[in-house]
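Below is one structure, written out as structure tokens, with a few remarks after it.
Values in this document were obtained by computation on a predicted structure and should not be read as measured data.
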Amino acid sequence: QVVIGDGGHVVEGDPEQLSPALREIVRFADAMSEAGIPTELVLEEEPATERLRIALHGEALGRWRLPNTFRPFYPSRLLQGHGHGLALFLAQTVMLGHGGQASARRLDDGLEIVFVLGR
């Protein structure tokens, strides 16, 4: 089990893999915010899952190509070096390895990246 946040969020899996993956998601959101991109990071509890959602807003995301979202180094190249570009790739790999999901979709004013894990 891995406890997230205040202890009210628990997911099943290998803590040696999940903990760094979750840290990388938070670092990615922080790097986007530091790059001047309005960023929301939300943890949502659902009946059988925990859902971690990153919403990124702004014109800079108009160039973002959804199929490349989880490719290594793509975010770093697109956003001029903010972050190392591996966070989303590593997080997706770990989430899928734990039976979870990782997805990206376009918003009216940006991009949403979602990670889902079973409880």
Side-chain angles (χ1 to χ4, degrees):
Q1 286 188 339
V2 177
V3 178
I4 305 168
D6 61 5
H9 301 274
V10 178
V11 294
E12 293 295 324
D14 180 352
E16 289 184 21
Q17 293 179 10
L18 286 171
S19 293
L22 294 169
R23 266 193 308 276
E24 287 302 317
I25 293 169
V26 172
R27 285 184 184 144
F28 171 80
D30 189 49
M32 296 303 96
S33 181
E34 287 178 10
I37 296 171
T39 304
E40 300 168 50
L41 180 62
V42 179
L43 180 60
E44 302 166 330
E45 183 178 3
E46 296 179 355
T49 62
E50 294 287 345
R51 176 181 154 111
L52 188 57
R53 182 175 62 84
I54 305 168
L56 305 168
H57 305 279
E59 291 180 24
L61 298 162
R63 297 185 325 254
W64 192 285
R65 299 294 170 244
L66 288 179
N68 296 332
T69 297
F70 300 103
R71 281 186 58 192
F73 307 110
Y74 178 74
S76 180
R77 284 193 300 264
L78 186 67
L79 299 166
Q80 291 124 18
H82 286 77
H84 54 66
L86 291 173
L88 297 179
F89 168 73
L90 294 172
Q92 178 197 40
T93 302
V94 170
M95 298 300 161
L96 295 177
H98 282 79
Q101 301 170 12
S103 62
R105 71 179 184 99
R106 197 142 312 275
L107 300 172
D108 289 341
D109 66 340
L111 175 71
E112 179 182 68
I113 302 167
V114 177
F115 297 94
V116 179
L117 276 174
R119 302 184 74 206

For the CG atom of Leu43 and the CG atom of Leu22, what is their distance to the nearest 0.5 Å?
8.5 Å

Would a single hydrophobic cluster contain both Leu61 and Phe70, if residues Ile, Leu, Val, Met, Phe, Trp and Tyr are joined by side-chain heavy-atom contacts under 4.5 Å?
yes

Between atom CD of Gln17 and atom CE of Met95, what is the distance when rounded to the nearest 0.5 Å?
10.5 Å

Result of checking Leu56, Thr39, Leu41 against Ser33 for side-chain contact (heavy atoms from CB on, under 4.5 Å)
Thr39

Do Asp14 and His98 pass the side-chain contact (heavy atoms from CB on, under 4.5 Å) test, and can you show the C-alpha distance, the side-chain angles, and the key distance before you say yes or no?
CA-CA 8 Å; Asp14 180 352; His98 282 79; 3.6 Å; yes

For the student: nearest non-hydrogen atoms of His57 and Ala55, plus distance
NE2-CB, 3.7 Å

Which residues pass the side-chain contact (heavy atoms from CB on, under 4.5 Å) test with Asp30, sequence neighbours left out?
Glu34

dist Gln92:CD -> Ile25:CD1 (nearest 0.5 Å) comes out at 10.5 Å

Do Ile113 and Val26 belong together in a cluster built from hydrophobic side chains that touch within less than 4.5 Å?
yes

Applying side-chain hydrogen bond (donor to acceptor under 3.5 Å, both in side chains) to Glu46 and not counting sequence neighbours gives Thr49

Distance in Å, Ile54 CD1 paired with Glu40 CD, rounded so as to fall on 0.5 Å steps
11.0 Å

May I ask you to decide if Phe89's main-chain N or O and Thr93's side chain share a donor-acceptor pair within less than 3.5 Å?
yes

Any chance you could lay out the side-chain contact (heavy atoms from CB on, under 4.5 Å) test for Leu66 and Leu111, step after step, and finish with the verdict?
CA-CA 9 Å; Leu66 288 179; Leu111 175 71; 3.2 Å; yes

Nearest 0.5 Å, what's the CD-CD distance between Glu44 and Glu50?
10.0 Å

Partner residues of Thr69 under the side-chain hydrogen bond (donor to acceptor under 3.5 Å, both in side chains) criterion, sequence neighbours left out
Trp64

Do Val116 and Val42 share a hydrophobic cluster (ILVMFWY, side-chain heavy atoms under 4.5 Å, transitive)?
no

Applying a strict under-4.5 Å side-chain criterion to I, L, V, M, F, W and Y, I'd like to know whether Leu96 and Leu117 cluster together.
no

Hey, could you give me the CG/CD distance between Leu88 and Glu24, rounded to the nearest 0.5 Å?
9.5 Å

